[in-house]
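Working notes, structure below.
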Amino acid sequence: MSRKSVYVTRAIPEENIDELRKHFDVEVNPDDRALSKDELKQKLKGRHAAISLLTDAVDGDVLDAAGPQLRIVANYAVGFNNFDVAGATQRNVVLTNTPGVLDDATATHTMTLLLATARRIAESDKFVRDGKWQGWAPMFFVGLDVERKNLGIAGLGRIGKAVAKRARGFDMNIIYSDVKPDADFEKAFGATYVDKDTLIRESDFLTMHVPLTDETRHYIGAKELKAMKKTAVLINASRGPVVDEVALVQALKNGEIWGAGLDVFEDEPKLASGLVDLPNVVVVPHIASATPQTRIAMGEIAVNNIIKVLNGQVPDTCVNPEVLKSAAAQ
Ligand code: GLV
Ligand code: GLV
């Protein structure tokens, strides 16, 4: 029997590709750039499986172009808002993501952004590099205190909890909002469950850890920014569209909040007009999970899911499990 064919839309760690090659014919996009929609359609044609990235829009059109032999698309990310989940289910294609392995890296990065914004690290680093430093001064680059301030966590999933664990080391008070409270978490972290309005109003540092869905798009908009403390900092290492970026630029310009630390943006790699001119923001290019161990572990999950599904087994991290039931019934 001929080997099954797998396409990888952009280079991921070599050890992951090597593992995949033991089982299948593998082609990897040789260019270190994201594919256009047309290229994606063309490259997936006739494949049995693909590893996709969060920059690949995997929709009905792409799945149709791939053809009915396509069994699985494994996203090399925990977020999967780039998937048309219903469209894949309809076409009997299994979709998987990479939860769990990037919680530590993402939570550490979130704390890094929080601390860097509070202590004005990007701004003062630039000041030194620009040769402007004249010597120590008492009121120079005074930032914000972090200790004993309220950390508001919007969305208490695995990553939100990992952030809370780190924030406890800085003696932060933890408040959180989600669809339902978590009594064990409250007990372990002395955390308090609040509604969204309270979270917005009371947070000194507000960090976003919700998935991007129709409900969470612009979770933070002009109204929420106005309701925040003038001394508050907004942190986002989830998905850009969770925050209305144009409204955020206005709020920062008007002093409605103190600062922002951003890993993600609404229309990556573009930034909202005026954002980079603001001194009180730290902006980094969507790198929350970018550590060697994490990136290999993400690849291992994607590769194992493909091996399992192409061998008729159940994958470890399926985002549309309905499809497995219909496959079993076939
Ligand atoms: C990164 O943003 C991911 O979703 O894994
Ligand atoms: C600061 O450098 C201090 O010694 O207080």
Side-chain angles (χ1 to χ4, degrees), residues 12-16 19 51 53-54 74-82 96-119 121-122 146-147 149-178 182 184-191 203 205-212 216 233-240 242 260-265 268 282-305 315-319:
I12 62 170
E14 207 46 53
E15 35 276 81
N16 300 141
E19 181 60 26
I51 293 185
L53 310 181
L54 57 92
N75 220 31
Y76 186 72
V78 64
F80 53 88
N81 54 288
N82 57 307
T96 65
N97 65 338
T98 64
V101 293
L102 44 67
D103 303 343
D104 281 339
T106 304
T108 296
H109 187 69
T110 299
M111 279 313 284
T112 305
L113 275 177
L114 187 157
L115 297 171
T117 308
R119 300 304 300 270
I121 293 300
V146 167
E147 293 76 12
K149 299 295 179 184
N150 292 341
L151 174 67
I153 300 176
L156 189 79
R158 289 176 305 264
I159 298 170
K161 286 181 185 165
V163 171
K165 184 173 160 193
R166 286 154 177 75
R168 210 165 50 155
F170 290 91
D171 294 330
M172 298 184 86
N173 307 316
I174 294 159
I175 57 179
Y176 72 103
S177 180
D178 204 326
D182 181 332
D184 292 341
F185 172 74
E186 290 180 19
K187 215 158 133 200
F189 289 86
S203 292
F205 295 87
L206 176 58
T207 184
M208 309 306 304
H209 298 289
V210 291
L212 175 62
T216 62
V233 168
L234 180 68
I235 304 296
N236 190 11
S238 60
R239 283 290 181 270
V242 164
L262 306 171
D263 179 63
V264 290
F265 304 88
E268 295 171 10
V282 174
V283 286
V284 295
H286 203 149
I287 54 171
S289 66
T291 72
Q293 281 179 28
T294 304
R295 287 289 155 90
I296 292 170
M298 289 164 67
E300 281 168 358
I301 295 184
V303 168
N304 284 334
N305 283 337
D316 296 325
T317 60
C318 189
V319 303

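Any value given below was found using the heavy atoms of this structure, including those in side chains, with hydrogens, waters and symmetry copies removed.
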Heavy-atom check, side chain of I12 versus side chain of R295, under 4.5 Å: no
4.5 Å side-chain heavy-atom contact, P13 and Y76: yes
Heavy-atom side-chain proximity of T110 to H209 below 4.5 angstrom: yes
Step-by-step side chain to side chain contact (heavy atoms under 4.5 Å, CB included) determination, L113 to N236: CA-CA 9 Å; L113 275 177; N236 190 11; over 6 Å; no
pair I296-N16: side-chain heavy atoms closer than 4.5 Å: yes
Nearest heavy-atom neighbours spanning I235 and V233: CD1-CG1, 3.7 Å
OG1 on T108 to NZ on K165, rounded to 0.5 Å: 9.0 Å
N81 and its side chain to side chain contact (heavy atoms under 4.5 Å, CB included) partner, picked from L54, T216, L212: L212
Donor + acceptor pair across side chains of D316, N304 (<3.5 Å): no
Closest non-hydrogen atom pair, V264 against S238: CG1-O, 3.5 Å
Worked check of side chain to side chain contact (heavy atoms under 4.5 Å, CB included) between V283 and F265: CA-CA 9 Å; V283 286; F265 304 88; 3.8 Å; yes
Any donor-acceptor pair under 3.5 Å from D104 side chain to A162 backbone: no
Donor-acceptor under 3.5 Å (D184 side chain, A188 main chain): no
Closest contact, heavy atoms only, A167 versus L151: CB-CD2, 3.4 Å
Atom pair CG/CG of L206 and L234 - distance to nearest 0.5 Å: 5.5 Å
Gap between atom OG of S289 and atom CG of D103 - 0.5 Å precision: 10.5 Å
Heavy-atom closest pair, residues D178 and G157: OD2-N, 4.4 Å
Separation between CZ of F189 and CG of D182, rounded to the nearest 0.5 Å: 9.5 Å
Side-chain heavy-atom pair V78, R158 within 4.5 angstrom cut-off: yes
Side-chain heavy-atom pair T96, I301 within 4.5 angstrom cut-off: no
Nearest-0.5 Å distance that lies between atom OG1 in T106 and atom CG in D263: 8.0 Å
Within 6.0 Å of CD in Q293, more than 12 heavy atoms from elsewhere: no
With Y176 via ring-ring contact (aromatic ring centres under 6.0 Å, His included) - residues at least two apart: F185, Y193
Over all atoms of both residues, closest heavy-atom pair of T98 and M298: CG2-O, 3.4 Å
Distance (rounded to the nearest 0.5 Å) between L114 CG and T207 OG1: 7.0 Å
Beyond-backbone contact of E300 with V101, side-chain heavy atoms, under 4.5 angstrom: no
4.5 Å side-chain heavy-atom contact, V282 and I121: no
Nearest atoms (heavy-atom pairs only) where N97 meets A77: CB-O, 3.3 Å
